[in-house]
Every structure is written in C-alpha cells, then in structure tokens.
Protein chains: 2
Amino acid sequence: MELQLLDQLHSRRRFFPARQDMIYEGQIERSAYILASGWVCSYKLLPGGTRQVVDFQIPGDFLGLRSVLFRKADHNIEPITRVQASEVQVCDLLEAVNTAPRLGAALLWAASRDEAMVVEHLVGIGRRDAKQRMAHLLLELGARLKLVGLASNDGYTCPLTQYLLADALGLSAVHVNRVLRELREDGLVTFQQSKVTFGDFDGMVAFSKFDRHYLDHDGPLMTWPGGGPSSIQMLTGLPGP
Amino acid sequence: MELQLLDQLHSRRRFFPARQDMIYEGQIERSAYILASGWVCSYKLLPGGTRQVVDFQIPGDFLGLRSVLFRKADHNIEPITRVQASEVQVCDLLEAVNTAPRLGAALLWAASRDEAMVVEHLVGIGRRDAKQRMAHLLLELGARLKLVGLASNDGYTCPLTQYLLADALGLSAVHVNRVLRELREDGLVTFQQSKVTFGDFDGMVAFSKFDRHYLDHDGPLMTWPGGGPSSIQMLTGLPGP
DNA sequence: CGAGGGTTTGACTTGAGTCAATTCTGGTGG
DNA sequence: CCACCAGAATTGACTCAAGTCAAACCCTCG
C-alpha cells in the first residue's frame, strides 16, 4: 500500500537544463523532487555575491524537503548537469503522509540524515584544512555514488568544476586547484577530465580521517514490519548497491 | 489531548552539572531533553583533539532529537552551566507520536528548523570572515534568547568562554579575543564579565548582514485546527516573547 | 590568599586569498 | 574536418587573515 503511494509520488517526471534553478530562495510554490539522473547542488547566496554550497545531490536523493516544510524556500537548488527528476507536490506528500504514517517517520529520518551530513560538512569547514576537506569530500561523494551503483573503489565520473568545489569547501577556486595538484602528487587521487580516480584509497581514508559511519545510520527507528528495504530506498525507488 | 501527552513528556526532570556530557557520541541509550534552564552545547570531536561546536542551546530548546532517531548518538552534548532539563525517553516519544500524528509533524518541522540553523552556521564559517561571524553569532543568540525572555535589545547574560566561541566559529581562542576587542573598539558590542552588551544594535545588524528570517519560519505546515501556539512552543512549554 | 581557569597582548609564521597571465578543452558553426 | 571561442584549469608572485607560541594578567571561588 505504501508502495502504491510512492508510485504516485513518482508520477510527474520532468527534465531541467543545467544552471537553471529548480528552486530559488524565497520561492513560494513549494515542491520537492526525487533525483532520477544528473547532479544538482543546493546553496545559499550571501550579500556580496559569494555563495556557499551546502550539499551536492546525486541520483536517488530526495531534495527540497525544507522548501516544502517552510512557507518559503530558504535556499537555492540548481542543476549542475541536465537533470531528470520526479516532482513531488506538497499536497501529494501531505496526503501520502496522512494515509501512511510510517512514511512520515521515514521522512523525519531522512531529514535527520540530511542534517547529519550538513553537520559533518560544518565540522570539516570549521576544523579541517583545505587538503583534508577536499579528500574527505571526494571520498564522501564516492561512498554515496557507490550506494546507487555509480562509483567503484577505483573512482567515478564527477561533473563538478573547481569553482563548485571551492564554493562547497569554503575555498577559492585557485586554492582548490593547488590542493588537487598536491593530492595528485601525493598519489592519493586524480581529478581530471571530469573523472575522479583514486590512486590510494586506503591512503585517502587515513589521510582525511574519513569515517563513513555518518552516512549509514541504520534505517528509521520505527522498523517496518517484515524488515523491508531502508526508508531512503523506499522513498527514492532506487536499487541498493 | 496533545497537551496531556506533552505534560507526560515533561515528567522526568533532572539536573546536570556543568561539563559532564549529557549525551556522548556512540551512546546507545537514547533519550532527548527539553532544556528548562542553563546552556548546553552540541559538538563533535575530531581525531587530533580539536572540536567543532555545532550549536548552543538555550532554555526552551529541544535537544538530542538526532540521538533519538539514530541507533547511536552521532555527537556530544555538554552542559556549559549547571542545567535543568526534562528527559524525554524514546518510548514515550514514540508513543506520543503514534497517538498524536500532528506531533510527528511538529517534530519534523522542528528538525528542519534545526537543520536551517546548522546551514546558516555552515554558510557563516564557509564564507564570512571572523569579525562578521562573531557579530552574527552574538546577534543570533540575542534573538533566540529574546524569544524566551532572556535578552533585550541592550544585551544579555552569556556564559560562553572565548574557547567555546572559538570552537563554534572555527577560530583559535586567541583570534576570538582579538576580534572581540575590535568589535568593542568599533563600539558595536562589548562582551565582558559574561555579559554581552550591544553598543550599536543597528550597526551590528548592518555589519554582520544579519537576517533573522531563518529563525522564524512560521509554524508547521500542517496547521493546528483552531490555530494554537507554534509547534516549538507547544513542544517546549515555554512562553513566547 | 592561593590556584587555576579564563583573558589579553605581542612577535612571528603560515595557510589561503588575490591578481594576473597562460594554457587547455570541449563544443560550435562554417 | 578544422578554426575559433568561452569557460575551465594552471601557475607564479605577492598579500593578508588567522594561527601558534609564549608570557603576563586577572578574576573568582574554595
């Protein structure tokens, strides 16, 4: 029954060209999306023109939850590549949650997982140096992509520019370039031609003190009778690894 | 009826001495708290001994939601002062949510508001310089304290040390001291003897580009029939301003 | 009144930013 | 198929914000 509802949520599938905001700060019409293909980033603009990328989302991610819950979106969401996504409208979502309370639990859990990721990002920017931050980010993206079958331990395809990396890591684009060169010279990772290639995966993990624990908290605490797939997979309909 | 449930949540009231963790990373017993008096901070430790304070909580704040939803707490929570708080146990919370679905909506909304605050913090650390970050933090704390009647536009009592400020802002304690001196010399704020005193409130707002918008998103989208108080106030039982 | 946090300051170092010039690349239209 | 262009990546030289180290100082509370 919940599955049926989820199918409905997936009904309105749309395409978005790169660089044209799907959601912008202050927007009133509220809708969320489930990413089917392509990458997007959520960011905030500061007076002064600089911006801070809060997170990147990849296929399978649910995005814009906060813009649905609040009256107005409090951040922007922009496709990095051409993107295919299922629109989820407020009313549908509300209805679904009312009909299937466990879906609400899954949402709450998903929101918390989101927050955990933002917290990890915060910690990185606050207390790690540029090189570690970069290594950490590349590993995190790899781990997340692997969950949906888009990466291996060797590496993955990555459409991010050095400007985007800079805005995510709180660095300047120039410094991003220097840091990437250092990592390459250390034989840890190579990021060229839109490809991330790990030269020494274990070395990366050790160097960046990467602990993927925060990515895979177990599913929602209100367990499904019969122990189905994790809530996030139910939500997004993507297969596991 | 919901009110009755909330009363139950407030039943187990406890005291905690300063500096002794209420929740620590990896902890299995899961419980959350509603802060009645005193200040606490939630933080993460990094290998290497440094730490990053994610947020401070003040009376009326609900804390530890993520530590309840996940199997293990993913961060630490430490009282800064002696603290009085009502313990909320997982089972009670679950029961309450099951009995009153709207409470679940309120929780979801509260979690999102939390995330919005962390995002704002992230943006600050990523893209604002030390002086602006400090000004912004002092204003934010002021705004939040005013909501529960603990601050005026003139200032407030603040138990934070310069070390705590440093760990929150991603700075060194020494630099925090210098930045506070500069702000004082500019006539914007004074922070001495555990008192924050605004010298030029409007100047502060202008200088730090403070926009309190993110603090007061309107209540949960599933509105209470009859339009009662906002969910957060319902949750915490504290009066509005 | 002494001790131990917490605060202040100065002197020096360093990670990261800025500016500016080149080179590389992928995509486009002729 | 190729010349061309815009955006992206690279690199060097210089600057500056913030960190580190170290030494006082100063509350406050037992």
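Residue numbers start from 1 in every chain, and the chains themselves are labelled A, B, ... in the order their sequence lines are given, proteins ahead of strands.
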Distance in Å, B:Gln52 CD paired with B:Leu45 CG, rounded so as to fall on 0.5 Å steps: 11.0 Å
Parallel, tilted or perpendicular: ring planes of A:Phe16 versus A:Tyr33, cut at 30 and 60 degrees: perpendicular
Phosphate OP1/OP2 of D:dT10 contacted by A:Asn177 side-chain N/O (<4.0 Å): yes
Sidechain N-carboxylate O distance under 4.0 Å for B:Asp61, B:Arg144: yes
Leading and trailing nucleotides of DNA chain C with any atom under 4.0 Å from heavy atoms of chain B: C:dG6 to C:dA11
Rounded distance (Å) that lies between atom P of D:dA8 and atom CG of A:Leu160: 12 Å
Reading 5' to 3' through nucleotides 15-30 of chain D, protein heavy-atom contacts under 4.0 Å coded B for base, S for sugar-phosphate only, - for none: ---BBBB---------
Gap separating the CG atom of A:Leu215 from the CG atom of A:Leu139, nearest 0.5 angstrom: 10.5 Å
Nearest-Å distance for atom pair CD/C1', residues A:Gln162 and D:dA9: 5 Å
Spatial distance of atom CZ (A:Arg127) from atom CG (B:Leu46) [nearest 0.5 Å]: 8.5 Å
For atom CG of A:Leu180 and atom C1' of D:dT11, their distance in whole Å: 14 Å
Minimum side-chain heavy-atom gap B:Phe207-B:Leu183 below 4.5 Å: yes
Side-chain heavy-atom pair A:Ile77, A:His75 within 4.5 angstrom cut-off: yes
Polar side-chain atom of A:Ser208 near backbone of A:Met204 as donor-acceptor pair, under 3.5 Å: yes
